[in-house]
Number of protein chains: 2
Amino acid sequence: MTMALSTAQRVAGVLRDRIEGGGLPPGTRLSEEALGRDLGVSRNTLREAFRLLIHESLVVHRLNRGVFVRVVDPADVTDIYRVRAALECAGVRAAAGAGRPLREAVTAAVEEAGRAAAGGDWQEVGSADLRFHRALAALSGSPRIDAAMDRLMAELRLAFHAMPSPRRFHEPFLARNRALAKLLADGEYARAESELTTYLDDALELILGALREREREGENA
Amino acid sequence: MTMALSTAQRVAGVLRDRIEGGGLPPGTRLSEEALGRDLGVSRNTLREAFRLLIHESLVVHRLNRGVFVRVVDPADVTDIYRVRAALECAGVRAAAGAGRPLREAVTAAVEEAGRAAAGGDWQEVGSADLRFHRALAALSGSPRIDAAMDRLMAELRLAFHAMPSPRRFHEPFLARNRALAKLLADGEYARAESELTTYLDDALELILGALREREREGENA
DNA sequence: GCTAAGATATTGTTCAACAATTCTCAATAG
DNA sequence: CTATTGAGAATTGTTGAACAATATCTTAGC
């Protein structure tokens, strides 16, 4: 029953891996001719693959100039956190009326992060953290908010590339995630919301600091 | 200085106008061959235009069946208003720290709606109303929120097609818009937010009622 | 009337050629 | 030396076609 993937989907997968693996750094132009020859597909098929990646915000398209690996600058990260604050706070406010499965997804993500941290898998801690915040926004019960969060998270993953140590970044937030989940479970929605707001501000500052750091290094190259 | 648009973008514009103008009612199938011949573009380019409209949620794509003009059902409208509540409330909360031009855009939209109502142009009242709410969300100062609101408004316009009398729908909200703008100008953010919440709930009910009405009529056809 | 098999029409995918645009870089003017 | 301009090269945009996969319609049989 497994549906075979189209050529374009396979090509998109290869490019996605290269981008997320660092083989294609942000800002790189993806030449249609060169890549098409490299991957053994026609330009048209390659462009179809590009469209999939554009939809994922992994690359951007500039008319008559081609596609480039997305560069997430500080203004983007700041904006992403602004939207996250709006959507996740909306989720927290809707927590009281949210169904059981939605609320359990929140605590489940916290527990998964804890297990991953105990095992030293900080990559997985990062994934669980994103799932936790996605679950917060999902408390609204809105498919459109879910989709928007997925797009924001994909963009954020690109910015995380700039973080030197996943552990240093994620570890402090483990306890705060747990605290947030507890406030929600106890029905302390107002306090949960204010804690979430400062939480997101703190995380934003950490990432902006790392981006500035990386930029300073880049100047000497 | 004029930036040239790609063929696909032009075609998407034509289709967008036809859809919003009612020439292509919700549910219509957009045949690749017929439309391509009609507009004088290749299937490949037409499909590219479709992708743009899919991204705007104006049409939907069903595998191996083609693209159809989006049918906005009650669940969609409910979800759209959920997201609107999240984004517009976020804007109201950010109003205190918003810049002068953003705050003035809010009052400007209210005044334009008033002038249009005085002139009896209820179509324009509707447009000004959408601008008003867009301006509320824009108080956050977030490009992504602005873009999200634009998409939501485009979807909503499809649903408005079901409203029999623009006047009956928009008139009651004129005074409420004015009241909301005043609360904001006076710094009464908490009250503005709670008024906005009930406002959106009321508007949602009106639209859902009209949709149910239209569906009942449709059964006898 | 209903079902099933085959015929037809439509969309999905890929390709190669041609058109339009941008980019490169040397020549030139200030 | 800097800025500009213009021809040529490189790259992307668009097209039409061919073939595959899927859906829809037609028809034969029960």
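Order of the sequence lines sets the chain letters (A, B, ...), proteins ahead of strands, with each chain counted from 1.
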Heavy atoms from C-beta onward define the side chain here; which of [options] lies closest to that of [X]?
X	options	result
Leu63(B)	dG12(C), dT10(C), dC15(C)	dG12(C)
Asn44(B)	dT11(D), dA17(D), dA16(C)	dA17(D)
His61(B)	dT11(D), dT10(C), dG12(C)	dG12(C)

Item to complete: Please report the closest heavy-atom contact between Val77(B) and Val72(B), naming both atoms and the distance.
Response: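 For Val77(B) versus Val72(B), the nearest heavy atoms are CG2-CG1, 3.7 Å.
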Worksheet entry | Taking every non-hydrogen atom, the tightest pair across His161(B) and Glu20(B) |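 Where His161(B) meets Glu20(B) most closely, the heavy atoms are NE2-O, 3.1 Å.
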Practice prompt. Anything under 30° is parallel, anything over 60° is perpendicular, the rest tilted; go ahead and classify Phe173(A) against Tyr199(A).
Written response: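 Ring orientation, 0 to 90° scale: tilted.
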Worksheet item: Is any side-chain nitrogen or oxygen of Ser31(A) closer than 4.0 Å to OP1 or OP2 of dT11(D)?
Response: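 Answer no for this pair, as no side-chain N or O of Ser31(A) is under 4.0 Å from OP1 or OP2.
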Discussion item. Between Arg47(B) and dG12(C), is there a contact of a side-chain N or O with OP1 or OP2 at under 4.0 Å?
Written reply: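 Yes, within the criterion.
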Worksheet item: Hey, is the side chain of Asn64(B) pairing donor to acceptor with the base of dT24(D) inside 3.5 Å?
Response: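 A donor-acceptor contact between them is absent.
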Practice prompt. Check whether the side chain of Arg43(B) and the base of dG12(C) form a donor-acceptor pair under 3.5 Å.
Written response: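 Check passes, donor-acceptor contact within cut-off.
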Discussion item. Between P on dC23(C) and CZ on Phe68(A), what's the gap in Å once rounded to a whole number?
Written reply: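 Going from CZ in Phe68(A) over to P in dC23(C) covers 8 Å.
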Practice prompt. Using whole Å, report how far CD of Glu32(B) lies from P of dT22(D).
Written response: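 Checked: the CD to P distance equals 16 Å.
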